[in-house]
Amino acid sequence: MPQGQPNAVPDDGLTTRQRRNRPLTIVHTGIGKGKSTAAFGLALRAWNQGWPVGVFQFVKSAKWKVGEERALRVLGASGEGGTVAWHKMGEGWSWVQRDLESSEEAAREGWEQVKRDLAAETYRLYVLDEFAYPMHWGWVDTAEVVGALRDRPGTQHVVITGRNAPPALVDAADLVTDMSKVKHPMDVGQKGQRGIEW
């Protein structure tokens, strides 16, 4: 894309400005590291633009302190950029599965809240962290998600992270990045570390 010029201009009846300001559905998927990190980078950009940001953490344990959470909460409360709201869906789910039934219920309740916020145009950017998993596991209906995102009002951008993003979501998204793994320290027995994984 040289000098920010698109490779093709669709015949969709929109002006360049209308097309440029169209709300996006973004998916970060794949087995590589960096899906959530990239989404939180988008949240930083949105905060800088003065947009209200809503982060919905669907899978990681609600007790796990994500490094970006503190930074984004502090920035959101600073009064300098946009506001930031961070929602942990119930008890969350850790990589050691314990209570799948309550995790499924929490994921469904979280999706219901996202739908209410989309209808109310509460945020300009939604980070649905690890939301690909509840769809992949069948806890949340992918067709319903695709429909709700397609029909959302206003200029609300949505980024969804997680491995195994369902094909229907990938097809409906405007921007999809598949994070592939080339090497990872865990491959040679090194555990995750502060400042890198959290």
Side-chain angles (χ1 to χ4, degrees), residues 1-30 32 34-58 68 72 75-76 80-87 107-108 110-136 138-180:
M1 220 164 60
Q3 298 179 353
Q5 297 299 316
N7 292 331
V9 177
D11 185 16
D12 55 11
L14 298 176
T15 67
T16 300
R17 182 178 301 270
Q18 287 171 325
R19 198 175 302 110
R20 180 181 210 168
N21 294 325
R22 191 173 56 86
L24 299 177
T25 298
I26 301 167
V27 175
H28 296 165
T29 193
K35 297 175 288 291
S36 296
T37 303
F40 295 136
L42 287 174
L44 288 173
R45 289 178 178 171
W47 169 83
N48 185 59
Q49 294 298 323
W51 296 357
V53 176
V55 177
F56 295 81
Q57 194 175 1
F58 275 88
E68 295 92 346
L72 284 166
L75 289 172
E80 293 186 28
T83 58
V84 178
W86 197 287
H87 307 276
R108 286 187 179 153
W111 169 237
E112 291 301 318
Q113 182 60 52
V114 170
K115 288 194 300 186
R116 287 189 292 271
D117 285 330
L118 286 168
E121 298 184 59
T122 305
Y123 307 106
R124 182 81 186 271
L125 176 72
Y126 294 73
V127 176
L128 308 186
D129 188 33
E130 309 286 9
F131 189 49
Y133 291 100
M135 285 183 277
H136 176 70
W139 294 356
V140 175
D141 182 64
T142 302
E144 179 186 330
V145 171
V146 168
L149 295 179
R150 180 193 60 230
D151 299 336
R152 69 189 184 272
T155 56
Q156 304 174 93
H157 301 284
V158 178
V159 57
I160 296 171
T161 72
R163 295 181 182 198
N164 302 310
L169 176 67
V170 169
D171 290 345
D174 301 290
L175 191 164
V176 179
T177 299
D178 188 316
M179 307 278 191
S180 63

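Atom set for the values below is all heavy atoms of this structure, side chains included, hydrogens, waters and symmetry mates excluded.
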Self-check item: Contacts of T25 that satisfy side chain to side chain donor-acceptor pair (under 3.5 Å) - sequence neighbours left out
Solution: R152
Please report, to 0.1 Å, the donor-acceptor pairs under 3.5 Å made by any side chain of residues 116-127, with sequence neighbours excluded.
{"residue": "R116", "atom": "NE", "partner": "Q113", "partner atom": "OE1", "Å": "3.4"}
{"residue": "R116", "atom": "NH2", "partner": "Q113", "partner atom": "OE1", "Å": "2.8"}
{"residue": "D117", "atom": "OD1", "partner": "Q113", "partner atom": "NE2", "Å": "3.3"}
{"residue": "D117", "atom": "OD1", "partner": "T122", "partner atom": "OG1", "Å": "3.1"}
{"residue": "D117", "atom": "OD2", "partner": "Q113", "partner atom": "NE2", "Å": "3.3"}
{"residue": "T122", "atom": "OG1", "partner": "D117", "partner atom": "O", "Å": "3.4"}
{"residue": "Y123", "atom": "OH", "partner": "H87", "partner atom": "NE2", "Å": "3.0"}
{"residue": "R124", "atom": "NE", "partner": "T155", "partner atom": "O", "Å": "2.8"}
{"residue": "R124", "atom": "NE", "partner": "T155", "partner atom": "OG1", "Å": "3.0"}
{"residue": "Y126", "atom": "OH", "partner": "D117", "partner atom": "O", "Å": "2.9"}
{"residue": "Y126", "atom": "OH", "partner": "L118", "partner atom": "N", "Å": "3.4"}
{"residue": "Y126", "atom": "OH", "partner": "Y123", "partner atom": "N", "Å": "3.4"}
{"residue": "Y126", "atom": "OH", "partner": "Q156", "partner atom": "OE1", "Å": "2.6"}

Quiz prompt | By side chain to side chain contact (heavy atoms under 4.5 Å, CB included) - contacts of A172 (at least two apart) | solution = V146
Scan the side chains in residues 9-16 for donor-acceptor partners under 3.5 Å anywhere in the protein, sequence neighbours excluded, and list what turns up.
{"residue": "D12", "atom": "OD1", "partner": "L14", "partner atom": "N", "Å": "3.0"}
{"residue": "D12", "atom": "OD1", "partner": "R19", "partner atom": "NE", "Å": "3.4"}
{"residue": "D12", "atom": "OD1", "partner": "R19", "partner atom": "NH2", "Å": "2.9"}
{"residue": "D12", "atom": "OD2", "partner": "R19", "partner atom": "NE", "Å": "3.1"}
{"residue": "T15", "atom": "OG1", "partner": "Q18", "partner atom": "N", "Å": "3.0"}
{"residue": "T15", "atom": "OG1", "partner": "Q18", "partner atom": "OE1", "Å": "3.4"}

Side-chain contact test, heavy atoms from C-beta onward, threshold under 4.5 Å: evaluate it for [X] versus [Y] and give yes or no.
{"X": "F131", "Y": "W111", "answer": "yes"}
{"X": "T29", "Y": "N164", "answer": "no"}
{"X": "E68", "Y": "T37", "answer": "yes"}
{"X": "L169", "Y": "I160", "answer": "yes"}

Self-check item: Qualifying residues under ring pair (Phe, Tyr, Trp, His ring centres under 6.0 Å), relative to W86, sequence neighbours excluded
Solution: F40
[X] to [Y] - nearest heavy-atom pair and separation:
{"X": "A107", "Y": "W139", "answer": "CB-CE3, 3.8 Å"}
{"X": "G154", "Y": "P23", "answer": "O-CG, 3.6 Å"}
{"X": "G34", "Y": "M179", "answer": "O-CE, 3.4 Å"}
{"X": "Y133", "Y": "R163", "answer": "OH-CG, 3.3 Å"}

Rounded to the nearest 0.5 Å, what separates atom [atom1] in [X] from atom [atom2] in [Y]?
{"X": "D141", "Y": "R108", "atom1": "CG", "atom2": "CZ", "result": "9.5 Å"}
{"X": "M135", "Y": "E144", "atom1": "CE", "atom2": "CD", "result": "11.0 Å"}
{"X": "L75", "Y": "E80", "atom1": "CG", "atom2": "CD", "result": "8.5 Å"}

Quiz prompt | salt bridge (charged side-chain N to carboxylate O under 4.0 Å, His left out) involving D174 - partner list, sequence neighbours excluded | solution = R22
Quiz item: How far apart are the C-alpha atoms of L42 and I26, what are their side-chain angles, what is the distance that settles it, and do they pass the side chain to side chain contact (heavy atoms under 4.5 Å, CB included) test?
Solution: CA-CA 10 Å; L42 287 174; I26 301 167; 4.0 Å; yes
Quiz item: Just by distance, with hydrogens left out, do D129 and T161 show a side-chain donor and acceptor under 3.5 Å apart?
Solution: yes
